Amino acid sequence: MQFYSTNNASHKSDLKSAVINGMAPDKGLYMPEEISVLPESFWQELPDMDLGEIGYHVLKPYFCPTIPEEEFKKLTKDAFNFPIPLEKVSENISTLELFHGPTLAFKDIGARFLARVMAQFTHDLDQNINVLVATSGDTGSAVANGFLGVEGVDVYVLYPKGLVSDVQEKQFTTLGQNVTAIEIDGTFDDCQRLVKSAFMDDELQKKLVLTSANSINLARFLPQMVYYFYAYAQAIKQGKTDIVVSVPSGNFGNLTAGLIAYRMGLPVKHFIAATNINDIVPKYLDSGIYSPAKSISTPANAMDVGDPSNFVRVQELFNKSWDGIKKTITGFVCKNEEIFEMIDKVFKEEGYILDPHGAIGYKSLNELLKDDEFGIFLATAHPAKFPETVEEIIKQKVEQPDRLKAFLAGTKNVEELSEEFEAFKKYLLKTCK
Ligand SMILES: *Cc1c(COP(=O)(O)O)cnc(C)c1O
């Protein structure tokens, strides 16, 4: 399969260059040139499939035969190796817990898959691949852990100084080996700009193999389709129909994956694009006007994005038709105090502990779900990743999973840089292999 650029449909690339380059040369994002509808046999077998098998079937059209099928079967099994349970929260609302991976956030799923795909491609390069990743919190840790120890790949994680939680920070600043954390004196948008500028810089491009692991990389967001199918299978087994899925969104990679699953035949009624007060996309859904803004920091900080990079993909999927988008996606904005209210209410009434991002998903369903519908919101992070917020509200400790305790015991080790591109460029030229 070929992949085209959202800026120019006639610019096409094969899988390998699309994955290694991350972004198209014209700054567009890669999209699969064809989205195939899954065959009837897939739906019959779906209820008995595990995550690895679902991954193999739904991702095969995009990744095989570039990656041989037998190899790919092993790859998906290895990448999707932790449980993703659908848990009941209240009467018509369940949550898909995406946080049982190594860093307790859904980004583990995309990152583990991407690292394994990239490792397939490094064999025949004579240079190291340098992965540059900007993070507002969870991407950095998921990518760093996904790539940790993968030979031939070095990872540089850029994050905004003082704007990620202690727990998030520990998960990518304590690893060592092929992972370097860089603290930027700026915002997440600055980090993202630095990474994008590096990819556009001729000198860096000539001297180094640079690649992205943000959700602009198609091997990061496509694998996220897997759990939409899995959630659907669980819901059907419970006799549920009229399924509405709420996706707490920041850069909109997660929702894009859901939409591609939908195109492949996933029978979901509609999607909710739930955001915090960084409400660029809900505003667009209301008005038809997309106006990016500076990001505002909120308690759901992994969603603090003022110019969501995957929004062009969403538009592309609907041929840029506002009407088309509105039929499939409903916007929802959650205020900061509503995040706190939801964590409190759901803990008191249902005994379930939400994290600030999941709380936004829950709130959206609580407001928008109709009586005959079944709502699933994606729980994108474990509440133990946000103890400062959650424990103050529920007035008790959130139990830390062992893998989190291990991170917290580690020693932080970072490089510090300003938000200026020249400084970052100099650093890369000096450091990268
Ligand atoms: C990254 C992240 C999001 C946003 O996901 P996008 O794919 O960028 O929309 C939501 N919640 C958490 C916890 C995250 O880490």
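Indexing begins at 1, ligand by ligand and atom by atom, following the structure's order. Just so you know, these numbers come straight off a predicted model, no measurement behind them.
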TODO: Could you say whether the N/O atoms of Asn251 and ligand 1 ever approach to under 3.5 Å?
DONE: yes
TODO: Could you find the nearest protein heavy atom to atom 1 (C) of ligand 1 and give me its residue, atom name and distance?
DONE: Lys107 NZ, 1.3 Å
Open item on the list: For atom 4 (C) of ligand 1, what's the nearest protein heavy-atom neighbour? Residue, atom name and distance, please.
Closed with: Gly250 N, 3.5 Å
Task: Distance-only side-chain donor-acceptor flag, Tyr352 / Ser90, under 3.5 Å - done: no
Open item on the list: Test your reading of the structure: does Ala381 have an N or O sitting under 3.5 Å from an N or O of ligand 1?
Closed with: no
- [ ] Considering heavy atoms of the protein only, find what lies nearest to atom 7 (O) of ligand 1 and give residue, atom and distance to 0.1 Å.
- [x] Asn254 N, 2.9 Å
Open item on the list: Against ligand 1, does Pro248 come closer than 4.0 Å with any heavy atom?
Closed with: yes
TODO: Report yes if some N/O of Met303 lies less than 3.5 Å from some N/O of ligand 1; otherwise report no.
DONE: no
Task: Donor + acceptor pair across side chains of Tyr4, Glu316 (<3.5 Å) - done: yes
Open item on the list: Checking side-chain polar atoms at under 3.5 Å, does Tyr290 have a donor or acceptor matched by the opposite partner on Asp307?
Closed with: yes
- [ ] Would you check the N or O atoms of Ser249, main chain and side chain alike, for any that come under 3.5 Å of an N or O of ligand 1?
- [x] no
Open item on the list: Applying the side-chain hydrogen bond (donor to acceptor under 3.5 Å, both in side chains) criterion to Thr298, which one of Thr275, Asn278, Asp304 satisfies it?
Closed with: Asp304
Open item on the list: Show me which atoms of ligand 1 lie under 4.0 Å from any heavy atom of Gly253.
Closed with: 6 (P), 7 (O), 9 (O)
Open item on the list: Checking the N or O distance criterion of under 3.5 Å, is ligand 1 in contact with Thr380?
Closed with: yes
Open item on the list: Just to check, does Phe106 reach to within less than 4.0 Å of ligand 1 when the distance is taken from its heavy atoms?
Closed with: yes
TODO: Not counting sequence neighbours, which residues clear side-chain contact (heavy atoms from CB on, under 4.5 Å) with Arg193? List them please.
DONE: Asp190, Ser197, Glu419
Task: Side-chain donor-acceptor pair present, Asp26, Ser5, cut-off under 3.5 Å - done: yes
Task: Side-chain donor-acceptor pair present, Tyr156, Asn178, cut-off under 3.5 Å - done: no
- [ ] Verify the distance criterion only: is there a donor paired with an acceptor across the side chains of Thr103 and Asp108 at less than 3.5 Å?
- [x] yes
